[in-house]
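These notes are about the structure you will find just below.
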Amino acid sequence: EQQLARRKKYTHTPNSATSMENKENSKEKNNPTSTEDEQPVVKYGGIKAMPYVLGNETFEKLGTVGSSTNLAVYLTSVFNMKGVSATTLINVFIGTTNLTPLVGAFLCDTYFGRYKTLGFSSVCSFLGMTILMLTAAITSLHPPKCAPGSECVGPNTWQMTFLLSGFVFLIIGAGGIRPCNLAFGADQFNPNTESGKRGLASFFNWYYFTFTFAVMVSVTGVVYVQSDVSWAIGLGIPALLMLFSCITFFVGTYIYVIVKPEGSPLTSVAQVIVAAIKKRGLKQPDNPAFSLFNYVPPKTINTRLSLTGQFRCLDKAAIITPEDKINFDGSPANPWRLCSIQQVEEVKCLVRIIPIWASAIIYHIPLIQQQTYAVFQALQLDRRIVESSNFRVPAATYIIFTMITLTFWIPLYDRIIVPFVQKITGKDGGFTLLQRMGIGIVLAVLCMAVSGVVEGQRRHIALTKPTLGIAPKGGTISSMSSYWLVPQLALAGLSEGFNYISQIEFYYKQFPENMRSIAGSSFFAGLALSNYLSGFLVSIVHQISSNSKYGDWLPDDLNKGRLDYFYYVISALGVLNFVYFLFCAKWYRYKGSDDGSIEMVKEGKGSSKHM
């Protein structure tokens with residue numbers, strides 16, 4: 001009778017035992033061949049679903065990336081915004097698009113599931129791109145073109161409101177697409193079969209290939225149409241591509257495996273914090289490995305974690321008191337008062353990650369400048385491919401050198417450098433994840449230093465030698481070749497190759513397995529705060545330098561400012577951030593490592609007991 005009661009308690013939520021038994025009997029009558037443990041057969045779409053998922057991703061990136069890259073030029077040339085105002089708006093916009101994936105991941109895991117989230121977000125992105133296209137196509141939705149020799153008229157309240165409404169739709173779209181697209185594609189393959197594993201590996205390869213292809217086409221072809229043909233057509237193409245993205249996604253509906261949401265894993269985190277606060281007055285046990293509550297759900301996907309000595313205050317959540325009740329299956333009756341060692345250690349994983357994650361906020365700032373002020377630099381450089389040509393490369397297209405560097409560097413690093421370093425260090429991958437992240441931070445500092453040197457030389461040539469005319473946003477064009485931007489952009493690509501990839505892998509491996517959607521969003525959250533901080537720095541430097549005797553560092557005409565000084569300030573911040581990162585990396589303990597764990601051995605005895 002006790003075994004029967006335990007089985008009923010475990011397999012059903014606490015309710016009326018009689019009613020549950022009646023439901024089970026009713027189920028057996030309707031389906032005599034069913035058994036208690038029978039699970040519905042999942043028919044995986046596999047390779048058949050790949051074209052629809054990848055098509056949605058490819059069209060979405062083709063539509064949004066090029067427009068985002070060229071946004072600085074659009075705001076200053078069509079909406080007649082000042083360079084500082086445009087840069088600040090772009091930083092806030094990009095920052096918010098990188099922050100909303102955290103919200104999207106939570107809503108997806110808790111309420112809606114990946115399919116509904118992706119579908120809704122794709123439609124929102126289409127609406128956002130359509131609104132942007134209308135701001136360029138309809139004359140009344142943007143300010144009049146600047147007349148030579150007269151002051152430019154900025155956007156009015158209605159025009160800015162309509163523009164910002166397009167940004168809002170794009171932000172909502174990014175919040176759902178970024179955390180869900182890759183995971184939704186992975187849902188289509190059976191991880192328990194060899195064909196499913198091979199298909200999943202193939203999917204990841206094709207995913208990153210189509211992503212890189214879409215970005216490169218977008219920052220060249222789409223940007224060229226926007227800058228040199230027509231902004232209305234150039235923004236209409238991304239809107240049309242986003243429509244194709246929506247259609248492609250919904251066409252594959254009957255092939256998809258649609259996984260239902262299972263609830264937010266953050267609930268467990270909240271339970272540990274609440275329980276630790278309730279028991280904050282209790283004394284730490286002398287032998288915590290044997291005194292604390294140690295229960296692991298039988299069907300958990302998370303790695304079993306040992307008790308560690310860091311953040312001992314959280315261990316109090318697992319102290320068993322007379323008031324705590326335990327169910328027949330071993331789980332706590334009140335999970336908001338008693339938590340297991342496993343839950344506590346998962347929260348400790350998150351706490352350890354936070355300082356490393358915080359270092360990425362400063363790290364991203366140098367790379368963000370390559371998407372804004374590097375574009376403004378290109379506008380006041382000689383962008384001709386050869387001196388005898390009249391064709392000028394669009395300013396926003398130069399970002400492609402970052403991607404080209406990354407494209408060539410990854411296979412070189414994987415095939416040549418890693419095996420060589422692996423022989424020396426004896427570590428898988430040659431370097432640890434934190435070492436690779438540290439190298440990326442150093443390269444970002446060098447990127448800013450080189451950017452400062454190049455800008456100083458560009459300004460010197462523009463002021464002392466013959467110029468090539470007037471830039472679209474004002475100021476003379478230096479005769480210095482725009483190809484001098486390549487070194488700083490290449491360093492940015494190398495920095496991304498070390499830090500971006502290892503940072504994403506770090507979150508994926510160090511977060512508990514049931515929080516991987518949140519882990520993927522953590523990278524974008526750090527990038528979001530970097531954009532906000534970058535916008536704050538631009539505003540502060542602009543205000544302070546404008547009131548100094550040396551003049552504004554960041555005017556619309558870069559020849560009248562000192563952008564190179566701004567770059568050196570960011571480089572100095574990067575050096576301080578690197579020192580901070582070294583301390584954090586030395587203190588960090590990888591998830592599941594034996595270093596720092598408390599052995600579950602009784603004092604004075606050699607036997608161990610696993611609870």
Side-chain angles (χ1 to χ4, degrees), residues 98-110 114 117 175 178-187 191 200 204 259 261-273 276 296-297 299-308 310-311 314 317 339-361 363-364 428-429 432-437 440 499-530 581 584-585 587-597:
N98 287 320
L99 190 62
T100 49
L102 272 178
V103 180
F106 172 79
L107 295 176
C108 169
D109 290 341
T110 309
R114 296 189 182 103
T117 304
R178 292 185 179 183
C180 296
N181 195 285
L182 188 61
F184 181 74
D187 288 341
L200 186 60
F204 280 118
V259 180
E262 298 180 352
S264 175
L266 293 179
T267 302
S268 177
V269 177
Q271 289 170 345
V272 171
I273 296 174
V296 179
K299 293 185 179 181
T300 181
I301 63 172
N302 291 352
T303 303
R304 180 78 177 267
L305 300 176
S306 302
L307 181 66
T308 60
Q310 290 180 317
F311 311 112
L314 294 174
C339 301
S340 66
I341 292 176
Q342 177 73 16
Q343 288 177 280
V344 171
E345 287 303 316
E346 288 172 2
V347 175
K348 288 182 181 181
C349 287
L350 302 183
V351 177
R352 291 189 195 101
I353 289 171
I354 290 174
I356 301 295
W357 172 82
S359 68
I361 297 173
Y363 159 73
H364 290 301
D428 292 337
T432 65
L433 291 173
L434 292 176
Q435 287 172 342
R436 287 159 55 191
M437 291 169 66
N499 191 285
Y500 274 22
I501 297 174
S502 57
Q503 194 181 154
I504 293 172
E505 185 178 353
F506 175 80
Y507 297 143
Y508 185 82
K509 290 183 177 179
Q510 297 305 304
F511 268 82
E513 284 80 355
N514 64 336
M515 297 186 188
R516 280 176 174 167
S517 59
I518 298 175
S521 302
S522 298
F523 173 82
F524 294 110
L527 193 56
L529 295 181
S530 297
F581 175 80
C584 293
W587 165 82
Y588 187 79
R589 298 292 179 268
Y590 286 96
K591 184 182 77 173
S593 64
D594 294 332
D595 189 12
S597 64

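Put simply, the side chain of L433 reaches to within 4.5 Å of the side chain of R436, judged on heavy atoms. Proximity of S306 to I341: side-chain heavy atoms (C-beta onward) are nowhere separated by under 4.5 Å. Side chains of Y590 and T432 form a contact here, defined as non-hydrogen atoms less than 4.5 Å apart. Between I356 and L434 there is a side-chain heavy-atom pair separated by less than 4.5 Å. Side-chain contact between F523 and N98 is absent, with no heavy atoms from C-beta onward closer than 4.5 Å. Counting heavy atoms from C-beta on, the side chains of V347 and F311 never come closer than 4.5 Å.
Minimum heavy-atom separation, I361 to L529: CD1-CD1, 3.7 Å. The two atoms that bring R114 and C180 nearest to each other are CD-O, 4.0 Å, heavy atoms only. Taking both residues in full, the closest heavy atoms of S359 and F581 are given as OG-CD1, 3.5 Å, listed atom of the first, atom of the second, then distance. A317 and V272 make their closest contact through CB-O, 3.6 Å (heavy atoms, listed as atom of the first residue, atom of the second, distance). Of all the heavy atoms in P355 and W587, the pair that sits closest is CG-CZ3, 3.9 Å.
Distance check, rounded to the nearest 0.5 Å: CZ of F511 to OG of S522 gives 3.5 Å. In this structure, CG in L266 is found 6.5 Å from CZ in F106, a value given to the nearest 0.5 Å. The SG atom of C584 lies 12.5 Å from the CH2 atom of W357; values are rounded to the nearest 0.5 Å.
Side-chain contact check for Q510 and Y588: at least one donor-acceptor pair (N or O, by modelled atom type) lies under 3.5 Å.
Here the two rings, on Y507 and F524, have centers that are 6.0 Å apart or farther.
A donor-acceptor contact shorter than 3.5 Å links the side chain of E345 to the backbone of T308. In terms of modelled atom types and a separation under 3.5 Å, the side chain of Q310 and the main chain of K348 share no donor-acceptor contact.
Partners of S268 under the side-chain hydrogen bond (donor to acceptor under 3.5 Å, both in side chains) rule, at least two apart in sequence or in another chain, are Q343.
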